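The model shown is predicted, which means the values in this text are computed figures rather than measured ones.
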Amino acid sequence: MRQSCHRLLEHQQAGGEEPPLYSPIDQISVVPEHVAREGGGKLTRYAPTEEDEATLRELLLSLQRQVSVMSMNLSAKLDDLQRGDRQLETTVALCEIRTQLQELTKSVESCQSEVSEVKRDMVAIKQELDTVQQVKEEIEELREYVDRLEEHSQRRKLRLLEQGLTFFLSYAILAAVLGMLQFGYNTGVINAPGKNIANFMKDVYKNRYGMDLHDDTVNRLYSIAVSIFAIGGMLGGFSGGMIANRFGRKGGLLLNNILGISGASLMGFTKISHCYELLIFGRFIIGVNCGLNTSLVPMYISEIAPLNLRGGLGTVNQLAVTVGLLLSQVLGIEQILGTDDGWPILLGLAICPAILQLILLPACPESPRYLLITRQWEEEARRALRRLRASNQVEEDIEEMRAEERAQQAEASISMRELLCSPTLRAPLLIGVVMQLSQQLSGINAVFYYSTILFTSSGLTDESAKFATMGIGAIMVGMTLVSLPLMDRTGRRTLHLYGLGGMFIFSIFITISFLIKEMIDWMSYLSVVSTLSFVVFFAVGPGSIPWLITAELFSQGPRPSAMAIAVLVNWMANFVVGIGFPTMKALLENYTFLPFSVFLAIFWIFTYKKVPETKNKTFEEILALFRNSNGRDSFRDSRLYGSMMNCVNALEQQLPPPPPPAPVDEKHDSLSEQSSGGGEAGRPPPPLPPPRFPATGNV
């Protein structure tokens, strides 16, 4: 043991390797101090010495040190093992962090590109804001110019409204309305000698074929003679626009008189030739003549009339029609020409208005609007205006015509198909057509054509019925004269509403009087009074306004085509009433006027809802009324819009030729050109304001 301890101590002192953990213990036997094993298996007492105790103590201390060192080594190894696990986890975490950093880098790069785009957008927005500011300033300047030109336009319009009626203007209107007198005369001339014409047809048929003509056949032939006038009117009215554009308003009227003379001659020689077919053909030719008159005359008068007199002078058309009606009714009584021998002369007198117009009209000027806008003959237009206005100051009229020409330059030569397809012109065309229908389907032509029969069926004698028919003509003339000053004072729309409303009320009274005429004797007089009142309200509104307002609703370009369509519709309705009223009277009997009452109610509602007021408005202002309903909501006031159109057109005329625009700022250059005028024509556009954002690359 002592040797082992010494070897261990020597080994440690020599600095050798650490011995195994249990090797010294395995080599030491510890026995009690009083026992020892001797040879032979016997135990003997052993007494340890002090040297042994010191060695053992040293050995124990060494073991303690070894255990401490080993414990420290084990702890270090455990710490190393633990640090190795954390390093692995850290490596995994670092990889994840590296991946996230890469993604974050990509996101940062994407954000940087987006920031660059936002920066470019902000720069573009800044430029646009600067441009808007510039345009706003130019618009303000343009508005000032427009306001000044608006004042100029209003002063010009006031001067136009101050124009009066001159002698030569009156002469031209008188010569032109002879065509409408022709229309009125031939509308009513067939009424009074109806029985004489029927007897003539019977006699001719019997002389030809040796047999009597049945009454139904006679009535049918007479209805054809009455209604074929409307068929000719349809043909003439439809071709009126083409004639007006090709030969002019005055030229068309002059050529039309050839047809008037031919038709009147055919009707006048009917009895001498013993041929009632000649009467029918003559009625057709005179119908074509009257159809052309109804298209050309209102067009001519509306174009030569001053602005403030256009309504009243337009009513002269209806005045001429009523005078013609009254003249035919007066001449048609039995005491004058309403006899078997006199009726051919009565029909042949239609030659007089045609010959008279051929004599008077050549001294009249052509329509200045036609000369200036359609033919581009400015000097001839000026001469015509000087004669019509009896003044050398015609610049206001020329300027107003030029404004109309520029406003309608895109529609300067418009066909009927283009007229029907135009969104802007569709609304006024519909109004013009319905206004014409309100005249014809009101029942007034039933009164004109068959008034004598109506009064006879209501209980009057034949002679009293003819005088009552004359009363219709006289009332028409009187009320048309009354409506002349009202047309430009009250307005077209208001008078038309009054007329349709009164006609509706008295058509109901006519129906009531027919229903109870057999119960009460004096109801026949109520029928006469109701019919005459019906005519009074017709003369107030529907008699003249449709012809006038149709010409007013359109400017120079589409006016001929629009008038042709409106006149065609008028004559078609005229024909339907003329040919269908006898059958309708036979079917409905006392309820004959009830369908007309329904139509009158419909037309009143349409006029109230759709028809604009055209009093004291220029043609371009009237056109603006319908442009507002096609996407121009910013100009609610049509009168202001029409005036602004005039102002802009006048401004364009005053501007010098603009320089060629820059390729980028075309819109702004055009605005600058429009906003310049007078002495500031060459002013450059205002400079851009300073930028609101820094010019650096940072946002």
Please indicate whether [X] has more than 12 foreign heavy atoms, meaning atoms of other residues, nucleotides or ligands, lying under 6.0 Å from its [atom1].
X	atom1	value
Arg426	CZ	yes
Tyr171	OH	yes
Tyr498	OH	no

Hey, are the side chains of [X] and [Y] touching, using non-hydrogen atoms and a 4.5 Å cut-off?
X	Y	result
Leu279	Leu347	yes
Val321	Leu181	no
Leu259	Leu292	yes
Arg283	Ile190	yes
Val611	Ile549	yes
Met572	Gln440	no
Leu441	Phe603	yes
Ile398	Arg382	yes

Spell out, as yes or no, whether a donor-acceptor pair under 3.5 Å connects the side chain of [X] to the backbone of [Y].
X	Y	answer
Gln329	Val189	no
Lys250	Ser367	no
Arg493	Tyr608	yes
Thr550	Met563	no
Lys610	Ile431	no
Thr322	Leu319	yes
Gln318	Ala539	no

Look up atom [atom1] in [X] and atom [atom2] in [Y], then write down how far apart they are to the nearest 0.5 Å.
X	Y	atom1	atom2	value
Ile301	Ile304	CD1	CD1	6.5 Å
Leu266	Leu278	CG	CG	5.0 Å
Leu326	Leu331	CG	CG	9.0 Å
Asn289	Ile285	CG	CD1	9.5 Å
Met267	Ile280	CE	CD1	12.5 Å
Met503	Phe538	CE	CZ	6.0 Å

### Task
Check step by step if side chain to side chain contact (heavy atoms under 4.5 Å, CB included) holds for Gln182 and Cys290.
CA-CA 7 Å; Gln182 178 84 286; Cys290 292; 4.0 Å; yes
### Face-on cation placement of Arg369 at Tyr300 ring, 6.0 Å and 45° thresholds
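Because its charged atom misses either the 6.0 Å distance or the 45° angle limit, Arg369 does not stack over Tyr300.
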Do you know the tightest heavy-atom contact between [X] and [Y]?
X	Y	value
Pro368	Ala384	CG-CB, 4.1 Å
Leu296	Gly252	CD1-C, 3.6 Å
Leu372	Met401	CD2-CB, 3.5 Å
Gly241	Ser295	N-OG, 4.2 Å
Met299	Ala244	SD-CB, 3.9 Å
Ser239	Gly236	OG-O, 3.1 Å

#### Entry: Worked verdict on Phe183 versus Leu325 for side chain to side chain contact (heavy atoms under 4.5 Å, CB included)
CA-CA 9 Å; Phe183 169 54; Leu325 279 169; over 6 Å; no
### Task
List the steps, then state whether side chain to side chain contact (heavy atoms under 4.5 Å, CB included) holds for Ile545 with Met435.
CA-CA 8 Å; Ile545 291 175; Met435 294 289 280; 3.6 Å; yes
### Task
State plainly whether the residues Glu380 and Arg375 are in salt-bridge range, i.e. N to O under 4.0 Å.
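Between Arg375 and Glu380 there is no salt bridge, as every charged N stays at least 4.0 Å from the carboxylate O atoms.
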### Message
Taking Arg402 first and then Glu378, would you say they form a salt bridge - that is, a charged N and a carboxylate O separated by under 4.0 Å?
### Response
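Salt bridge flag = yes for Glu378 with Arg402.
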### Query
Any luck finding a side-chain donor-acceptor pair between Gln357 and Asn257 under 3.5 Å?
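Asn257 and Gln357 do have a side-chain donor-acceptor pair below 3.5 Å.
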### Query
Testing Phe284, Trp571, Phe575 for ring-ring contact (aromatic ring centres under 6.0 Å, His included) with Phe229, which one passes?
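Of Phe284, Trp571, Phe575, ring-ring contact (aromatic ring centres under 6.0 Å, His included) with Phe229 is met by Trp571 alone.
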### Task
Please lay out, stage by stage, how Val323 and Met180 fare under the test side chain to side chain contact (heavy atoms under 4.5 Å, CB included).
CA-CA 9 Å; Val323 170; Met180 298 303 286; over 6 Å; no
